[in-house]
Each structure stands twice: as structure tokens, then as C-alpha cells.
Amino acid sequence: MTAVVEKGTFIDDAAVEDALRAASTKDAGRVREILAKAEELKGLDMDEVAVLSSISDPELMAELFATAREVKEAIYGARLVLFAPLYISNLCTNDCLYCAFRVRNKALRRRALTQEEIRHEVEVLVDQGHKRVLLVAGESYPKENGFQYVLDSIATVYDVKRGNGEIRRVNVNVAPLSVDEFRALKATGIGTFQLFQETYHRATYKAVHVGGKKKDFDWRVTGMHRAMEAGIDDVGIGVLFGLADWRFEILAMLQHIRELERAYGVGPHTISVPRLEPASGSDMASHPPQPVSDVDFRKLVAILRLAVPYTGMILSTRETANLRRETFALGISQISAGSRTNPGGYEEDEEFDAAQFQLGDHRSLDEVIRDISELGFVPSFCTACYRLGRTGMDFMDLAKPGDIKHHCDPNALSTYLEYLLDYGAPETRRVGEETIARKVAEMDPIRRAHTEKMLDRVRAGKRDVLC
Ligand code: SAM
Ligand code: SF4
């Protein structure tokens, strides 16, 4: 075991500021050189990302977006993996000025779901067709069992079986843990451990985290080191955009990624790109200190796609349906749908006084699926990789030469078909069957034969057909 890193010195503010100062897009030739390098799918360094982040010329912007679309298509094809967040508790001892769950928001109705209530929430999600959840909680666990509460909750989620349905992958977004706690978390069979730094800008971090354990920037930024030390090799990072300058954030995030690659040979499995949304009891949430415009948001997604082409990117229902439609093709690989951010929100079907923030996309899972299918994407409920041990470095070894899509495409289509047969509304089923037929027809003969066999097995009643 290597010594666990305790300080976030790998986030070098001065180096980020220098790179941003030196970047200039007056030189269109330099931008085009960088875009040409990005097309080789080898990623970009900090100086190159700084140059792309300062593009404002419409022609260069269009070229940036076109390159991002090409890279997304080359690596992820048309697939979009679906999941739902599962909020188990809004208890929290921290005081993050942007969040409705913060300890000083006395108006919030507090609640930690019981295991029985969690079971009911999961039943609703399974009956909608979900196969993946992201378990979310504030940083405070019920007195009776402490952190064991989270471990028990994961076991409850995996335990729910409903006809053909079950949750096959539980990802987790909770406060950073010690190495021993991470080991216990891994033992429950989680998929990805997610933790957003919120902001990599130390002064901003200090100004917006005014109480509780989360005040400690270093404890949080070294969280993924501890997770990896404990053997969790699929980790998901993120920034809460709107707190500090987004250009600073993506460069600093790149430093975090390169540090994980240096220390553990593999970077994060996913990047999340939440933007600040209005939240009850938070003035800051409605008035972000450094708001990110829709154009800049799409730009930052495109740049991240080019900078770390093999890292999945997640877009949540914080964003509106329209913005989501415009952003998917620029680099998004996973999306949430039909979400609630209040504990118990699926069973109660209400969204208000216990929620973490306001949602931008209120459509049901089925509506989102039909919409993205009509746009030419393939909704995927695939969970094969981590269940077949393709995680961390093993995943990247397959992903980098482009081999992973030979697994992903058939798995996406077979899990999409499962959804259509078991849960799809008639119109969704019609649209989906067309999408599947078109995608199968586009495959080379060997892959097509293999995929048709998998689809036949699903039509014959078999479920969870993995390759
Ligand atoms: N409490 C844990 C923590 O802070 O790491 C885990 C989950 S927290 C409920 C999930 C994420 O929600 C935070 O990391 C933050 O990025 C995001 N969030 C908080 N307030 C938000 C807001 N007003 N708008 C959008 N996202 C928000
Ligand atoms: Fe608590 Fe997380 Fe909200 Fe901060 S962001 S107040 S830690 S739930």
C-alpha cells in the first residue's frame, strides 16, 4: 500500500492562472492544430485546454463543436446510458451556501428514509424500468447506525426483485470517507464512487463552505486517492459550475485527473458537470457568483470531451430538456431521467419542501427515452462492464484501442429491447424497435449476427444477456 496523499498540492492555482493568461485564440492556426490533435483521441494538456477555453470566434466555435461531436461518435457512438438518483437522506451537518440540505436551512423538512422506505422507492424505480441508481445522501447519518446506514441501504437496493426487474448497479455519491470506510463501501458491490469537488478554486471553496467537515478542501480533494487506495477503481469527479470561473475549473480538474493517472495508472471513470440551480433557503443558488451561460456550458462539455476522450460524462436533470438535447452529441455518455431530489420523492411523487435543488427536466423516463431515440440516440441500461470485472485499468485498456464499443453496442441494444418489452409505452416501443432495427442494419456482418442472437434471446424471455 502506498502512503495516502493528504494535501491537494497537485492543484496548482498559479499554474492554472499562468496557462489561462498565456492562452490566446488570436492565432486560429494554433486552435486548428489543437483540434487536429484532439481528433487522434489522445487527449489534451492544460495549455491546449486553456487555448480552447478562450475561443470566442463563431467559426472556431463551430469547429470545436464539430470536433467534439466526431470524438463522441468515435468512442461512444449513439449510446446514452440512463440512471436515476436515489436520495436516501437530507440530513447534513455541513453549511454549503448553495445547497438546500445545509444545516442552517431550518425550513427544510429533514428525513432519512428507513430501509422499508428505501425498498419502496426502489420498487417504483424498477417498475419504471431503471437498472442503475445513484445513491445520494447529505453528510450526516442516523445516530443509531452511523455510516452503516449507507452500507445497509445499498444492500436493500440490490435486494429488490420485481418480475423481470432489479437494480444491477448502485453508484454512490456521499461525503468523502476514510480508507477503511471506502473498503466497506467497496465490499457492498458498488459501481462508481462519485464525489464532486464543487470548486477547485481554494479561495472560493473557503467562501462557500462555511461550516462542518466539508470546509476542509484537502480532505475532499484527496478523497479519490483514498477511494482508489481502498480498491475502488471506478471513481467519478465533478465541478459545481457557477461558483468560480469555469475556465479555471476545467484546467484544475485536468490537474486532478492527471494526478490520479500518475498515482494509480487510471483516471476517473466519469466526470459530472452540474450547474448551480435554485435551491430553497439558498440565495447563492439563485444568484451564482460566476454564472455559466448556455453557450459556455456547451463549450466546456465539448472541451472536456476532447481533453479526456475516454472518460464518461454525465448530464443530470438539473438542465432543461432543450439544453440537454443540444448537449448530448457534444460528449455526454450518461444521463439521469425522471429524477427526484427529495428523499421519498418517487413514492410520494412530489417535489418541494425536502428537495436539494430545482430540476430543469421534469419528464418521465419513458418520455426521455422516446425523445432521445427520436433524436437518433440509443438509450442503454447496460451494466455489463463492472459486473464482468471490466473496471479501472481493465476498462481503459479496452476503451483506448476502441474495443469497448464491440461490447457496448450489442449490450445497449439488448438492454434497450428489455426496456421496450417490459416497460415501454406503445409509441416508445414503436420508435425503439425502429431504432434497434436501424442500428443492427448498420453493423458489420459478424457483429450483426452476434447482436441478433442476443436480441432473439431477449425476445424469447431471457433477461440480463451480457457480452
Ligand atoms: N453531501 C454529499 C456531498 O456534498 O458530497 C453528497 C451529495 S450532494 C447531496 C450532491 C451534489 O449536489 C453536491 O456535490 C453538489 O455538487 C450538488 N448540489 C448541491 N447544491 C446544488 C444546487 N443548488 N444546484 C445544483 N447542484 C447542487
Ligand atoms: Fe450537505 Fe452535500 Fe448539500 Fe453540502 S452539498 S449541504 S454536504 S448535502
Side-chain angles (χ1 to χ4, degrees), residues 85-106 108 110-113 133-141 147 149-150 153 171-177 181-182 185 192-200 204-205 207-217 219-224 226-227 235-244 249 253 270-292 297 314-320 323 336 339-343 345 351 354-361:
L86 172 64
Y87 279 71
I88 57 168
S89 157
N90 61 12
L91 310 184
C92 195
T93 45
N94 291 321
D95 197 355
C96 312
L97 295 183
Y98 46 80
C99 180
F101 293 178
R102 70 204 184 96
V103 66
R104 278 192 302 153
N105 184 8
K106 300 295 177 204
L108 191 84
R110 300 283 167 176
R111 185 168 183 200
L113 299 184
V133 296
L134 171 65
L135 186 136
V136 187
E139 186 163 5
S140 171
Y141 307 116
F147 179 63
Y149 171 68
V150 172
S153 304
N171 297 333
V172 174
N173 185 327
V174 298
L177 306 169
E181 287 169 329
F182 272 125
L185 191 66
T192 308
F193 174 74
Q194 273 191 9
L195 178 67
F196 308 155
Q197 186 57 29
E198 320 297 12
T199 173
Y200 286 97
T204 307
Y205 189 94
V208 301
H209 298 108
V210 297
K213 203 170 173 187
K214 193 162 166 182
K215 281 167 73 177
D216 187 344
F217 179 97
W219 174 250
R220 195 165 181 93
V221 85
T222 55
M224 293 317 196
R226 295 191 298 281
V235 299
I237 61 172
V239 160
L240 182 55
F241 288 101
L243 296 176
E249 302 287 23
M253 187 193 253
T270 55
I271 294 176
S272 296
V273 289
R275 267 198 299 188
L276 210 49
E277 297 298 334
S280 73
S282 163
D283 192 42
M284 179 176 285
S286 303
H287 304 98
Q290 305 246 14
V292 178
F297 184 71
I314 303 179
L315 188 65
S316 77
T317 52
R318 289 174 179 84
E319 302 297 340
T320 62
L323 193 281
S336 50
S339 308
R340 294 282 182 277
T341 66
N342 53 318
E351 238 194 80
Q356 194 194 10
F357 48 79
Q358 266 179 32
L359 299 176
D361 185 347

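All values below come from the heavy atoms of this structure, side chains included, with hydrogens, waters and symmetry mates left out. Start at 1 with the first residue, then count along the sequence. Order of appearance sets the numbers: ligands from 1, and atoms from 1 within every ligand.
- Relative orientation of the Phe297 and Phe241 rings is perpendicular, given thresholds of 30° and 60° on the angle between their planes.
- Residue Ala137 places a heavy atom less than 4.0 Å from ligand 1.
- Under a 4.0 angstrom heavy-atom cut-off, Gln358 registers as lying outside contact with ligand 1.
- Considering only heavy atoms from C-beta on, Phe357 stays 4.5 Å or farther from Arg275 through its side chain.
- Taking each of Lys214, Arg102, Arg220, His209 in turn, the one with a heavy atom nearest to atom 5 (S) of ligand 2 proves to be Lys214.
- At a threshold of 4.5 Å between non-hydrogen side-chain atoms, the residues Ser89 and Tyr141 do not count as touching.
- Across Glu198, Met284, Arg275, heavy-atom proximity to atom 13 (C) of ligand 1 is greatest for Glu198.
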Show the numbers, then the answer: is there a side-chain hydrogen bond (donor to acceptor under 3.5 Å, both in side chains) between Glu249 and Thr199?
CA-CA 7 Å; Glu249 302 287 23; Thr199 173; 2.7 Å; yes
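- At least one side-chain heavy atom of Ser153 sits less than 4.5 Å from a side-chain heavy atom of Leu135.
- Taking atom 19 (C) of ligand 1 as the reference point, the nearest protein heavy-atom neighbour is Gln356 NE2, 3.1 Å.
- Contact annotation: for Tyr98 versus ligand 1, heavy atoms closer than 4.0 Å belong to both the backbone and the side chain.
- Closest protein heavy atom to atom 1 (Fe) of ligand 2: Cys92 SG, 2.3 Å.
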Decide yes or no on side-chain contact (heavy atoms from CB on, under 4.5 Å) for Thr341 and Leu359, but give the supporting numbers first.
CA-CA 8 Å; Thr341 66; Leu359 299 176; 3.8 Å; yes
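- Closest to atom 23 (N) of ligand 1 by heavy atom, among Lys214, Arg318, His209, Glu277, is Glu277.
- When each atom of ligand 1 is checked for a heavy atom of Val136 under 4.0 Å away, the hits are 7 (C), 9 (C).
- The option with the heavy atom closest to atom 6 (S) of ligand 2, from among Ser282, Cys96, Ser140, Ala279, is Cys96.
- At a cut-off of 3.5 Å, with distance as the only test, no side-chain donor of Tyr205 or Glu198 sits close to an acceptor on the other residue.
- The single protein non-hydrogen atom nearest to atom 21 (C) of ligand 1 is Phe357 CD2, 3.7 Å, given as residue, atom name and distance.
- Considering only non-hydrogen protein atoms, atom 7 (S) of ligand 2 sits nearest to Asn94 ND2, 3.3 Å.
- Between His287 and Tyr98, the distance from one ring center to the other does not fall under 6.0 angstrom.
- Proximity of Ala279 to ligand 1, defined as any heavy-atom pair under 4.0 Å, is confined to the side chain (atoms from C-beta onward).
- Contacts between Asn173 and ligand 1 below 4.0 angstrom, taking non-hydrogen atoms only, involve backbone and side chain alike.
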From CA spacing to verdict: salt bridge (charged side-chain N to carboxylate O under 4.0 Å, His left out), Lys214, Glu139
CA-CA 9 Å; Lys214 193 162 166 182; Glu139 186 163 5; over 6 Å; no
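- Near Gly138, with a cut-off below 4.0 Å to any heavy atom, the atoms of ligand 2 are 8 (S).
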Show, in sequence, the C-alpha distance, side-chain angles and deciding distance for Leu240 and Leu276, and conclude whether the side-chain contact (heavy atoms from CB on, under 4.5 Å) test is met.
CA-CA 6 Å; Leu240 182 55; Leu276 210 49; 3.5 Å; yes
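- Side-chain contact between Leu97 and Arg102: present, with at least one pair of heavy atoms (C-beta onward) separated by less than 4.5 Å.
- When Glu139, Arg220, Gln197 are checked for heavy-atom proximity to atom 5 (O) of ligand 1, Arg220 turns out nearest.
- Here Cys99 fails the criterion, with no N, O or S atom under 2.8 Å of atom 1 (Fe) of ligand 2.
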